[in-house]
Structures are given as structure tokens and as C-alpha cells.
**Q** 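Structure below; questions to follow.
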Number of protein chains: 2
Amino acid sequence: MSKKRNTTLKELSKELSLSISTVSRALNDHPDISQETKERVRKLAKQMNYVPNLFARGFRSRETHILGVIVPNISHLFTSTILKGILEEAELRGYRVIISESNNNEIKQVEMLNTMTQFGVDGVLMSLSRKTINVEEILKILNRIPIVLFDKVSSKIPCTQVVINEEEAAFNAVEHLIELGKQRIAIIKETENSYNSEKRYAGYLRALNKYGIPVRDKLILSTEDISLGNGRRLTNILLSMKKRPDAIFAITDNAAIGAIKALHKFKVKIPEEIAVVGFSNSINSTIVSPALTTVDQPGDKIGRTAVRFLIQELENPTNDVMTKTVEIKTSLIVRDSSLMV
Amino acid sequence: MSKKRNTTLKELSKELSLSISTVSRALNDHPDISQETKERVRKLAKQMNYVPNLFARGFRSRETHILGVIVPNISHLFTSTILKGILEEAELRGYRVIISESNNNEIKQVEMLNTMTQFGVDGVLMSLSRKTINVEEILKILNRIPIVLFDKVSSKIPCTQVVINEEEAAFNAVEHLIELGKQRIAIIKETENSYNSEKRYAGYLRALNKYGIPVRDKLILSTEDISLGNGRRLTNILLSMKKRPDAIFAITDNAAIGAIKALHKFKVKIPEEIAVVGFSNSINSTIVSPALTTVDQPGDKIGRTAVRFLIQELENPTNDVMTKTVEIKTSLIVRDSSLMV
DNA sequence: AACGTTTGTGCAAACGTTTGCATTGATATT
DNA sequence: AATATCAATGCAAACGTTTGCACAAACGTT
């Protein structure tokens, strides 16, 4: 039951009466080796079930073909969809993936980053923890190995960043509401200046501006923790106003669902009286009733793209920092919560 | 930007005018080394930011301190909750984790298992892909390194298995319905004989038997793919019967939600006319209305437990196969879909 | 015939760590 | 004084792979 040893190059070479180096080269398809020898070697290797010892190889070549991934919280549908994309793309290109959670804890995030580099990953894919303020440590590591950020990113870190086009997505969502004839559009966003929240807010403003709709401070609500409960709470506030809004744009599905729950309780007709739009296309958005209009973020595409850029950097190393920002397109999925005839 | 080299034992030893072996032993707290030396070494190591090269170490000792994890689908809330538990517990005990998806594909599952062992993981945690029939390859690998199965398990594989107590959980759920006074309780389960589905079905039967309620074939419905859509479809069948059931036990939340949607459409009162109980405590179960009564499966506990058993095996290797089955307790969460006053 | 070139192969070093054994000097035991 | 014991340290091998270089044989060119 204890770990048995694998076939080694040495054993193969003995069996074939060749040197270890020849066997190694034969298996690596080195041009110096004759076709005939290559075939003999490959045949025996297969027969003896030879598998290269990746540790020895990585140890020698300083390349592990392992990518590190750090995310705030793995059990979040959007995140795990991204992970799915990462896993698939990485595997396709012959890389393994090590995953870690930062639990939205900045200290732990740096710790993970450190053990990962210590461990010898070739590069790191990372979605930043909330309130990542002290980027100094991260920059230090960025000096040693390539990092690609996705989803939760920061302009303070000069590296490739893969995000959805938050601003445009929000713009489209709000424009959709305007096209329905809505004029008093409330927004539920985050208090702290997260990248995502800010961009979505910017999209909201641009849409209002484009159509000459005044921006009303009263309709702009913020919360620390953009959860279902807080969505409900803030909606209650909106409902208590003399002049109620006629639409709510929540920057996450959960908050939007909270809004729907609150509207339900007060028997407000959705979407006739107040339409609701969310953001994420989480599974819940189809389960709540009425089904929620929302922005679909193609998670797996984000993951795949991030991997592609990272590997690109790994395989064509340059000395100048890459600071490209790649924006992935989203699409608005219109459902009953904003479907008017 | 290219990978810089880390401080090595050699460099430390030169700086301290000690031999490499002494430095190594000092850092590993070997009893042969004097306290004084140990402190000198540790101090310089810290100062020079020494980190052991895990590859060299793993290479030498044949221990990587990496665990492999294979799951059918990472973006499934229950699965990612288990992963969370695995990550936390493994990290706590100084192990790294490599995660892979089998996508419910038996061939790929074996492939992943192979590359993982090839890669040198110390052990594997695995949730089986649907329709895992040919366990031969898995047994072969089980000969080389320890495997612990969780959630989707199989008695054909002699190893430690961590599961929830499916049978009892289902029993409790159905008993709850009976206590409400329900007598015609339908079940929606899977066609193929998955471990989970079978156990839950057994619990259903036991509950009926205990209370002397006849088992009616007509009320036992099966589907290949236990999805929301199929839950809806099968419920429609139930509704078309002359004598409708007065409760539905669906062996997954999604199917239960499908049932609720169907009942809604036909204006059936939940739970007065027909009560509904699901299984999983997915987020959706609180979002659907009425909120769904369901079985809470403590995912992170499953993950943690699985890791504990695996490490236990790793660190106390024996030659006899472990075939323990560990059952994790669940609890029934009663919500509106079965709340009668 | 002497010399380059090409082709295929082998030798040996290197990667960074751990560890069995040898070595040294000091101290305790007879 | 001779010997056994002990504590602290160093030497060197080993893990499996890759790779620069050397080498030998065969061939082509002058």
C-alpha cells in the first residue's frame, strides 16, 4: 500500500542497452536520435508503463507547469464557473492547477501567494480579496513570477487583467430600462469603492446622461455588504418614499432578488409598477418569480482568457511589464422582471 | 521578470561556514545540532529569506504533501462547499491541493487520476463520476496510493468513504411529511442506480413501512437526469392522476423546485393540498416561494472529514485496506413548503 | 589520403535536499 | 592512562531528469 516506485529512465536504458541520455532524448523527440531508436524506446516505455517523474523534471528545469489560483471564495457560482474555465484551458495546454481561497482576507491572500511561489508555481491567476489595500507584497512577488488578475482587479498592480466590461454591461442594463419607458431608475450599489461597483455605477450614470434623465441622489443607495438581505432593506426604503422609483437596478443578483422579495411583500407589480434588473445571471435569477432580468457574465470565458494570457507570458518571457486590460463582453438576459408588452 | 532563484542551503552554509548537512539539520530541528547553531542558522535563514525548494525535497523524499481532488463538477454549490472544507483542512495540516474536474466522464476521471499519481500526489480525494462502471483502473491506482471517496462513492472500491447518512436523512424527511398527516407521498428519484438515489429511496420506503402506509407504485417516479425541468414534468404527471398525492419528496432541491413551479401553474396550494420536500439545502431553496423544506448536508464537514481520514492513512501507513464508511449527520430544515399549522 | 561534416550515441555534471556513516574533540568511566 | 561514551559536525551518496560536450563511425569532399 505504500508508494511504489515508478519505472525510471535508468531501468529503460538498461533494458534497451542504451544510455540514459539517449532514452531521455528519444522520449523527448530530440532530432539527434534515429527514428529507429525512438520507436524502440517508445515501445518499451509504453510497455513498462513509464511515466516521467515530474518532480525530478521540475526540479531540474525550474518549470513546474503548475499554475496557482487564488480566489476570495470558491463556493460562489460565478467564481466556480471561472475556475471551470481555468481548469479546462490549463489542462488543455498541459498545466496543472492549484487552487486556494483567500476568504477575502488580505493577509491570507499574501500568505497564499508566498507559499505558492515557494512551491514553485510557474505563474499565478488571482481575483483580489475585498479591500486589498497594501499591494506592496504583491508587487514584490510580481517581480518573481507572472501574475494575471481576473474579475476583482486593481489598477495598482501592473499586470494583465481580465475583466468583464462592467461599465458597458451596466449601461446596457439601464438603457434597457429606459427603453421600457422608465424614468425614475434607482440603483443599489456598494459603499466601498470596489472596482466592479464603481464601473457599474459609471455605466448607470452614462445611460441616464445619454437620455437626458436627471440623476437623483435619493435614488442612489449603497450598502457595505451587497447581500439579499440588504437588497430587501434598501428596497423598503425606496418604497417608503413619496415618489417611488419605477425601476431598480441592483448591481448583484442577490440584491435584486432581495428587492423582488420586498416588492412582493408590498404587492407592488413587477415590472409594471417597478421593474427590476440584476447582475450576474446566477441560477437563482431563474428561480425567483418573476424571473429576473440580469447581465450574463461568461465566467468560463474569463477563466480561459486569463489562462491564455498567463501562459502566453510564461512562454514568451519579456522584461517589460504587461499591463493590458482585457474586457470580456457580456449580454443582457431579459426576463419577466422587466418584460413589458 | 524571469524566475529568480531562491536562497539555497548551500548559500546559507557558505555564509555561516557550516556544512550543508548541518544547516539542513538545524532547520529541521534535528537533536544532534546544538541550540546555539540552530539559532544562528535560523536567524540567517530568516534574514536571507530562505525557503526550502519543495521540489527538491519532494523529489528526494517521495512525499509531495500534495493531495489530489477529483470531482464531477466544480460549479455545483454542494461540491464547492465540500471543496472549501477540503482546502481549509488540508491547508491547516500543511498540505496543498490540486483540483480537477471529471465532468462526469468516466474516461476522463481515470485520466485525471493517472496524471495526478504521475505528478506525485500523496493521496487522492474523489467523488465519483456518474456511471462509474469500470473500476478496474481505479483499483490499480488504489494499489499505489491511498484514495478516500466522498459523496458519490461505490462499494466496489475498497477504501475509506465519507458520505452523509442518506438513508436516515430521507427517512426523516418522509417521516416529517407523515407527521403532518400526509398519506399519499410521492417520490421523485433517479432511474439509474446511483448510490445516493438508492439510499434515499430506501429511507422513503422505511418511513412508509414504519407507519404502515402502503407503497404505491404509481407514486414512485424516476428520471435519468434529476433536473428542475424533469421535476416539473413528473409533477405534471402526478397532477393528472385521478387520486393526486398529498405530498412530494424529491431527492434533489432542483427537482423539488421544478415540482413547486408545476404546482404553482396549476394553482395547487402548497403545502395544504400538496406539501413538498427537497434535498440539499441549496441557496435556491430559500429563494423559491414558498421556501422549500429540505435536507441540509454539511458540505464542509464532509470535506474536512475526508481530508482527515486521508492524512491519517498517509501518516500511518498500513498494509491492509481500509474500508471504513463514515456517515455525516444531516438535519432537516423545515420551511413553508411543508409548514402546516 | 587527409580532412571536414554529419549522424547517432554516451559521459558526466547539475539541480537542492536529506541522511547513513565517518570524524572530531571532549568528557566520563574503568 | 587507556578506553568507552557522547555531542556536534562534515562527507558524500542518492533521488530522476536534462543537457553541454565529447566521441565514434560513416560519409562526402578536396
Side-chain angles (χ1 to χ4, degrees), chain A residues 2-42 44-45 48-66 94 117-122 144, chain B residues 2-42 44-45 48-66 94 117-122 144:
Chain A
S2 75
K3 237 182 214 182
K4 279 194 217 121
R5 308 207 5 237
N6 284 323
T7 312
T8 69
L9 288 182
K10 203 185 200 172
E11 286 160 27
L12 287 181
S13 69
K14 186 177 281 177
E15 194 77 18
L16 291 158
S17 311
L18 284 172
S19 74
I20 297 181
S21 32
T22 304
V23 177
S24 166
R25 279 189 263 252
L27 290 172
N28 290 330
D29 207 19
H30 194 286
D32 273 4
I33 306 298
S34 72
Q35 204 52 39
E36 198 197 334
T37 309
K38 279 184 190 168
E39 266 153 34
R40 277 181 64 216
V41 173
R42 283 201 267 254
L44 185 71
M48 291 183 62
N49 205 5
Y50 168 81
V51 280
N53 179 323
L54 296 189
F55 265 81
R57 179 183 284 173
F59 168 43
R60 174 114 225 296
S61 64
R62 322 195 137 282
E63 278 185 18
T64 59
H65 270 227
I66 305 181
T117 52
Q118 169 187 168
F119 181 79
V121 296
D122 287 352
R144 318 182 96 249
Chain B
S2 74
K3 237 183 215 182
K4 276 191 219 126
R5 308 208 5 236
N6 283 323
T7 313
T8 68
L9 287 182
K10 202 184 196 171
E11 286 160 29
L12 287 180
S13 69
K14 187 178 280 177
E15 194 77 19
L16 291 157
S17 311
L18 284 172
S19 74
I20 296 181
S21 30
T22 304
V23 176
S24 167
R25 278 188 263 253
L27 290 172
N28 290 331
D29 207 21
H30 193 284
D32 273 3
I33 306 298
S34 73
Q35 204 53 40
E36 196 197 335
T37 310
K38 279 184 190 169
E39 265 152 34
R40 276 180 64 216
V41 174
R42 284 202 265 254
L44 185 70
M48 290 182 63
N49 204 7
Y50 169 81
V51 281
N53 180 322
L54 297 189
F55 265 81
R57 179 182 283 175
F59 169 43
R60 175 119 222 296
S61 64
R62 322 195 138 281
E63 278 186 2
T64 58
H65 270 226
I66 305 180
T117 52
Q118 168 186 169
F119 181 79
V121 296
D122 288 351
R144 319 180 100 250

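Side chains included, hydrogens not; waters and symmetry mates left out as well; all remaining heavy atoms used. Residue numbers start from 1 in every chain, and the chains themselves are labelled A, B, ... in the order their sequence lines are given, proteins ahead of strands. These figures come from a predicted structure and were not determined experimentally.
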**Q** Which residues pass the side chain to side chain contact (heavy atoms under 4.5 Å, CB included) test with B:Ser21, not counting sequence neighbours?
**A**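 B:Ser21 satisfies side chain to side chain contact (heavy atoms under 4.5 Å, CB included) with B:Ser19, B:Arg25 once adjacent residues are dropped.
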**Q** To the nearest Å, give me how far apart NZ (B:Lys14) and C1' (C:dG16) are.
**A**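 To the nearest whole Å, that distance equals 14 Å.
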**Q** Answer yes or no: is there a donor N or O on one side and an acceptor on the other, between the side chain of B:Arg40 and the main chain of B:Leu16, under 3.5 Å?
**A**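 Flag set: sc B:Arg40 to bb B:Leu16 pair under 3.5 Å.
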**Q** Does B:Asn53 have a side-chain nitrogen or oxygen under 4.0 Å from the phosphate oxygens OP1 or OP2 of C:dC15?
**A**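 Indeed not, no polar side-chain atom of B:Asn53 lies that close.
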**Q** Is the backbone of B:His30 close enough, under 3.5 Å, to the side chain of B:Lys38 for a donor and an acceptor to pair up by distance?
**A**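 Yes.
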**Q** Would you mind reading off the distance between B:Glu36 atom CD and D:dA8 atom P, rounded to a whole angstrom?
**A**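 B:Glu36 atom CD is separated from D:dA8 atom P by 10 Å.
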**Q** Between B:Arg57 and C:dG16, is there a side-chain N or O to OP1/OP2 distance below 4.0 Å?
**A**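 No, because none of the side-chain N or O atoms of B:Arg57 sits under 4.0 Å from OP1 or OP2 of C:dG16.
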**Q** Tell me whether the ring of B:Phe59 lies stacked over the C:dT17 base, given a 5.5 Å limit on centroids and a 30° limit on the plane angle.
**A**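 Base of C:dT17: not stacked against B:Phe59.
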**Q** Whole angstroms only, please: what is the CD-P distance between A:Gln35 and C:dT7?
**A**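 In whole Å, C:dT7 P lies 14 Å from A:Gln35 CD.
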**Q** How does DNA chain D read in dot-bracket, base by base from 5' to 3', with Watson-Crick or G-U pairs under 3.5 Å and | used when the partner is on another strand?
**A** ||||||||||||||||||||||||||||||
**Q** Using whole Å, report how far CG of B:Asn28 lies from C1' of C:dT17.
**A**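 It works out to 9 Å between those atoms.
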**Q** Tell me, please, which residues at least two apart from B:Ser61 pass side chain to side chain donor-acceptor pair (under 3.5 Å).
**A**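 In terms of side chain to side chain donor-acceptor pair (under 3.5 Å), with neighbours along the sequence ignored, B:Ser61 is linked to no residue.
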**Q** Would you mind writing out the side-chain donor-acceptor pairs for residues 48-58 of chain B within the sub-3.5 Å range, not counting sequence neighbours?
**A**
unit_1, atom_1, unit_2, atom_2, d
B:Asn53, OD1, B:Phe55, N, 2.7
B:Asn53, OD1, B:Ala56, N, 2.9

**Q** Kindly give the atom pairs (protein nitrogen or oxygen, nucleotide nitrogen or oxygen) under 3.5 Å for nucleotides 9-12 of chain C.
**A**
unit_1, atom_1, unit_2, atom_2, d
C:dT9, OP1, A:Thr37, OG1, 2.9
C:dT9, OP2, A:Ser34, N, 3.3
C:dT9, OP2, A:Ser34, OG, 3.3
C:dT9, OP2, A:Thr37, OG1, 3.0
C:dG10, OP2, A:Ser19, N, 2.8
C:dG10, OP2, A:Ser19, OG, 3.1
C:dG10, OP2, A:Thr22, OG1, 2.6
C:dG10, O6, A:Arg25, NH2, 2.6
C:dC11, N4, A:Ser21, OG, 2.8

**Q** Hey, could you give me the CG/CD distance between A:Leu44 and A:Glu39, rounded to the nearest 0.5 Å?
**A**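 Rounded to the nearest 0.5 Å, the CG-CD separation comes out at 14.0 Å.
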**Q** Could one point to a donor on the side chain of A:Arg60 or the base of D:dT18 with an acceptor on the other under 3.5 Å away?
**A**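 Flag set: donor-acceptor pair detected.
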**Q** Atom CG of B:Asp29 to atom C1' of C:dT18: distance rounded to whole Å?
**A**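 Nearest whole value for this atom pair: 16 Å.
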**Q** Tell me: CG of A:Leu12 to P of D:dG16, nearest whole Å?
**A**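 Checked: the CG to P distance equals 12 Å.
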**Q** Can you tell me how far apart CZ (B:Arg62) and CG (B:Asp122) are? Round to the nearest 0.5 Å.
**A**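 Separation between the atoms: 11.5 Å.
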**Q** Nearest whole Å is fine: how far is D:dC15 P from A:Leu9 CG?
**A**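 It is 13 Å, rounded to the nearest whole Å.
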**Q** Output all residues satisfying side chain to side chain donor-acceptor pair (under 3.5 Å) with A:Ser13, sequence neighbours left out; order by chain, then residue number.
**A**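 Here no residue qualifies.
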**Q** Can you figure out which of C:dT19, D:dT18, D:dG16 approaches the side chain of B:Ser24 most closely?
**A**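 For B:Ser24, the side-chain atoms sit closest to C:dT19.
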**Q** Round to the nearest Å and state the distance from B:Leu27 atom CG to C:dT18 atom P.
**A**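 Going from CG in B:Leu27 over to P in C:dT18 covers 8 Å.
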**Q** With side chains defined as the heavy atoms from C-beta onward, is the minimum distance between B:Val41 and B:Ile33 less than 4.5 Å?
**A**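 No, too far: nothing below the 4.5 Å cut-off.
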